[in-house]
Amino acid sequence: MNKIKKKHAQLIIIGSGPAGYTAAIYSARSNIDTLLITGSQIGGQLIQTDEIENWPGDYSHINGITLMNRMLLHVKKFSVNIIHDVIKSVNFKKNPFELLGEEYSYTGYAIIIATGSHTKLLNINSENLYMGKGVSTCAVCDGFFYKNQFVAVVGGGNSALEEAIYLSNIAKKVYLIHRRNQFRADKILINRLYDKIKKRNNIIILFNSIVMDILGNDISMNKIKIYSNIDSTVKYLNVSGLFIAIGHIPNSQIFSKYIDIQNNYVKIDYNKNYMKTQTNIPGIFSAGDVSDSIYKQAITAAASGCMAAIDAEKYLNNNLK
Ligand code: FAD
Ligand code: NAP
């Protein structure tokens, strides 16, 4: 790694979602020299949501940007070096560990990987062609552009239902397209979806349907091709927007040369009963959605960020005499 600008800290946290910010609060309060690298999505995935109602203590309307800005203010209260950079590659062969970013190169005696996940795509060619030209992965970010238009949301989990409900307040009609005949989303959201349908009557659910193609004039999309996995029929829907909400893929790729990964998730719990967040390399810890194949919630990400910081502190105390 031959970058000129170098930075060093005892502990480096990669990621500024609930896991990264919580880890930073805990490590700074333990008096560990802490550096946090935000990545390109400052605040993480939650900044894409308009309403969070399961963050304990915040019982009235709070949106993702407000919550994550409050976490950032909390981090800033302590002595944490926050750097806006994206890590491109790592060298975990020996301690101090090395990270190469777009702006700086870094060395640290302990690392917390809290890089979360990114949106999964449909894997059809046309979605790349029309990304940003009708295709979106964030209704809160882009929904406004579809005022009084026809749009579609694909997916059957919490994200898809939230997006459909959100868009129904803006768009004229929202098609909610799911590949099965049962939603994966929480009951409360399913009930809210049906309440919304009763009230506004502008969400149309298409179960057992697959988006096969996105069509348009290269400048913007105007149609999607839908296949029914019940009767094999094909139909076209005239929509100017398609919101993809079919899950997430952990941001683990840059670590895969050194760190054990399973189904894209960073494997942890190598130091049983002692350091739950440790990876296969002592000194490298992981927290949040990047290492959680099950829960994937803001509160579980924050909790594991806390655990990773406590584990890192133990490691540094035992190894940096
Ligand atoms: P993330 O929030 O994904 O943050 C990852 C961070 O890592 C980002 O800051 C990113 O910039 C950074 N990063 C990534 N790669 C790099 C790199 N190479 N270099 C440097 N930095 C990097 N959960 C709830 O509990 N309640 C909800 O209401 C809720 N609503 C949601 C709505 C939507 C639309 C979505 C998508 C998710 C929602 N979730 C909700 C889930 C919740 O957002 C996640 O569980 C949580 O954000 C995970 O936190 P994290 O810190 O692990 O990762
Ligand atoms: P998710 O729960 O994994 O749901 C993904 C959905 O997309 C599923 O319905 C899945 O179908 C479908 N799908 C997956 N691959 C597909 C493909 N190739 N083509 C078509 N459909 C496909 O993902 P999510 O909704 O993004 O949620 C991710 C995590 O964030 C979850 O843990 C969720 O609880 C959390 N979250 C929480 C909230 C909240 O608390 N309010 C809000 C948003 C997200 P199948 O059902 O057939 O598998």
Side-chain angles (χ1 to χ4, degrees), residues 12-23 36-56 58 62-64 67-68 71-72 83-90 99-102 106 112-124 137-141 153-163 165-166 177-186 188-189 192 207-212 229 243-255 266 286-305 308:
I12 299 179
I13 298 165
I14 316 171
S16 60
Y21 281 163
T22 306
L36 181 143
I37 300 163
T38 63
S40 55
Q41 192 174 44
I42 300 171
Q45 290 170 62
L46 273 188
I47 62 166
Q48 296 177 38
T49 188
D50 182 46
E51 179 149 23
I52 300 164
E53 54 181 18
N54 50 13
W55 183 258
D58 269 309
I62 183 160
N63 65 45
L67 179 63
M68 294 318 295
M71 280 194 211
L72 175 60
I83 311 276
H84 301 301
D85 199 358
V86 176
I87 298 303
K88 292 293 174 197
S89 64
V90 300
L99 310 173
L100 181 64
E102 286 173 351
Y106 305 84
I112 296 177
I113 298 169
T115 46
S117 58
H118 64 275
T119 317
K120 186 175 158 188
L121 294 178
L122 291 165
N123 215 6
I124 51 179
T137 57
C138 176
V140 173
C141 319
V153 175
V154 55
N158 282 337
S159 296
L161 267 65
E162 276 192 349
E163 300 224 324
I165 293 166
Y166 178 82
I177 301 163
H178 183 35
R179 63 184 178 183
R180 290 189 296 134
N181 65 356
Q182 220 177 357
F183 289 123
R184 177 177 296 278
D186 296 343
I188 190 168
L189 274 175
R192 198 165 297 154
F207 281 128
N208 295 109
S209 299
I210 313 275
V211 177
M212 302 282 288
N229 57 20
F243 292 83
I244 300 172
I246 60 168
H248 292 82
I249 300 169
N251 295 320
S252 59
Q253 232 240 314
I254 54 169
F255 310 108
V266 170
S286 181
D289 281 16
V290 70
S291 43
D292 175 6
S293 62
I294 304 172
Y295 305 105
K296 297 183 250 184
Q297 303 295 308
I299 190 76
T300 49
S304 66

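Remember, it's 1-based here, ligands and their atoms both numbered in the order they're listed. Keep in mind the model is a prediction, meaning the values are calculated, not measured.
Across Leu46, Thr38, Ile52, heavy-atom proximity to atom 29 (C) of ligand 1 is greatest for Leu46. Within the set Gly247, Ser159, Ala302, the minimum heavy-atom distance to atom 35 (C) of ligand 1 is found for Ser159. The heavy atom nearest to atom 47 (O) of ligand 1, considering only Gly17, Ala287, Gly288, Pro18, is found in Pro18. When the options Ala298, Gly156, Gly64, Ser293 are ranked by their closest heavy atom to atom 6 (C) of ligand 2, first place goes to Gly156.
Shortest contact from atom 53 (O) of ligand 1 to any protein heavy atom: Gly116 CA, 3.2 Å. Remark: minimum distance from atom 32 (C) of ligand 1 to any protein heavy atom is reached at Thr49 CB, 3.5 Å. Atom 3 (O) of ligand 2 has its closest protein heavy atom at Gly247 CA, 4.1 Å. With respect to atom 27 (C) of ligand 1, the closest heavy atom belonging to the protein is Asn54 OD1, 3.7 Å. At the top of the distance list for atom 47 (O) of ligand 2, counting protein heavy atoms only, stands Arg180 NE, 2.7 Å. Looking only at heavy atoms of the protein, atom 21 (N) of ligand 1 is closest to Gly39 CA, 3.1 Å. Among protein heavy atoms, atom 8 (C) of ligand 1 sits closest to Gln41 O, 3.3 Å. For atom 15 (N) of ligand 2, the closest non-hydrogen atom on the protein side is Lys120 NZ, 2.8 Å. Summary of contacts: the protein heavy atom closest to atom 14 (C) of ligand 1 is Thr115 O, 3.3 Å. Nearest to atom 27 (O) of ligand 2 among the protein's heavy atoms is Ser159 OG, 3.8 Å. Of the protein's non-hydrogen atoms, the one nearest atom 51 (O) of ligand 1 is Ala19 N, 2.9 Å. Of the protein's heavy atoms, Ile246 O, 3.2 Å lies nearest to atom 14 (C) of ligand 2. If you check which protein heavy atom lies closest to atom 2 (O) of ligand 2, you get Arg184 CD, 3.6 Å. Here the heavy atom of the protein found nearest to atom 41 (N) of ligand 2 is Glu162 OE2, 2.9 Å. Of the protein's non-hydrogen atoms, Lys296 O, 3.5 Å is the one closest to atom 30 (O) of ligand 2. Looking at atom 3 (O) of ligand 1, its nearest protein heavy atom turns out to be Gln45 NE2, 2.8 Å.
With a heavy-atom cut-off of 4.0 Å, Ser40 touches ligand 1 through its backbone alone. Neither the backbone nor the side chain of Cys138 comes within contact range of ligand 1; no heavy atom lies under 4.0 Å. Counting heavy atoms closer than 4.0 Å to ligand 2, residue His248 contributes side-chain atoms (C-beta onward) but none from N, CA, C or O. Both the backbone and the side chain of Ala298 come within 4.0 Å of ligand 1, judged by heavy-atom distances. Of all the heavy atoms of Asp289, the ones lying under 4.0 Å from any atom of ligand 1 are found in both the backbone and the side chain. Of the heavy atoms in Lys88, none comes closer than 4.0 Å to ligand 1. Neither the backbone nor the side chain of Glu53 has any atom closer than 4.0 Å to an atom of ligand 2 (non-hydrogen atoms only). When non-hydrogen atoms are compared, ligand 1 lies under 4.0 Å from the backbone of Ile87 as well as from its side chain. If you look at Arg179 next to ligand 2, the close heavy atoms, those under 4.0 Å, all belong to the side chain.
Contact of the Glu162 side chain with the Leu189 side chain is registered, since non-hydrogen atoms from C-beta on lie closer than 4.5 Å. Side-chain contact between Pro18 and Met68: present, with at least one pair of heavy atoms (C-beta onward) separated by less than 4.5 Å. Side-chain contact between Ile299 and Pro56 is present, with at least one heavy-atom pair separated by less than 4.5 Å.
Taking CD1 from Ile13 and CD1 from Ile37, the interatomic distance works out to 9.5 Å, rounded to the nearest 0.5 Å. Atom CD1 of Ile254 is separated from atom CG of Leu99 by 8.0 Å, given to the nearest 0.5 angstrom. Expressed to the nearest 0.5 Å, how far CG of Asp85 lies from OG of Ser40 amounts to 10.5 Å. Between atom CZ of residue Phe243 and atom OG of residue Ser159 there is a gap of 13.5 Å, rounded to the nearest 0.5 Å. Rounded to the nearest 0.5 Å, atoms OG1 (Thr137) and CD (Gln48) are 6.0 Å apart. In this structure, the separation between OG1 on Thr119 and CD1 on Ile246 is 9.5 Å, given to the nearest 0.5 Å.
A donor-acceptor pair under 3.5 Å is absent between the side-chain atoms of Thr22 and the main chain of Ala19, judged by distance alone. Remark: side-chain polar atoms of Thr115 are paired, donor with acceptor, to backbone N or O of Asn251 under 3.5 angstrom. Under the 3.5 Å distance criterion, the side-chain polar atoms of Asn229 are matched with a main-chain donor or acceptor of Arg179. With hydrogens and angles ignored, the 3.5 Å screen pairs no side-chain donor or acceptor of Asp50 with any backbone N or O of Val140. Asn158 places a side-chain N or O within 3.5 Å of a backbone atom of Asp186 that can act as its donor or acceptor partner.
Listed by atom number, the atoms of ligand 1 under 4.0 Å from Ile14 heavy atoms are 19 (N), 20 (C), 21 (N). Close approach of ligand 1 to Gly15 is summarised as follows: ligand atoms under 4.0 Å from at least one heavy atom of the residue are 6 (C), 7 (O), 12 (C). Listed by number with element, the atoms of ligand 2 under 4.0 angstrom from any heavy atom of Asn54 are 39 (C), 40 (O).
The shortest heavy-atom contact between Ala302 and Trp55 is CB-CH2, 3.8 Å. Between Ala114 and Val290, the shortest heavy-atom distance links the atoms CA-CG1, 4.4 Å. When all heavy atoms of Lys296 and Asp289 are compared, the closest pair comes out as CA-OD1, 3.3 Å.
Heavy-atom separations between Glu162 and ligand 1 include at least one value shorter than 4.0 Å. Heavy-atom distances between Gln182 and ligand 2 stay at or above 4.0 Å for every pair. In this structure, Tyr295 is part of the shell of residues with a heavy atom less than 4.0 angstrom from ligand 2. For Gln45, the heavy-atom gap to ligand 2 stays at 4.0 angstrom or more. Proximity of His248 to ligand 1 is established by a heavy-atom distance of less than 4.0 Å.
For Phe255, the ring-ring contact (aromatic ring centres under 6.0 Å, His included) test picks out no residue, with sequence neighbours left out. In terms of the ring-ring contact (aromatic ring centres under 6.0 Å, His included) criterion, residue partners of Phe183 (sequence neighbours excluded) are, by chain and number, His178, Phe207.
Ion pairing of Glu53 with Arg192 is present here, as a side-chain N (NZ or NE/NH1/NH2) and a carboxylate O approach within less than 4.0 Å.
Of the residues listed (Ile14, Val90, Ile83, Leu100), the one engaging Tyr106 in a side-chain contact (heavy atoms from CB on, under 4.5 Å) is Ile83, and it is the only one.
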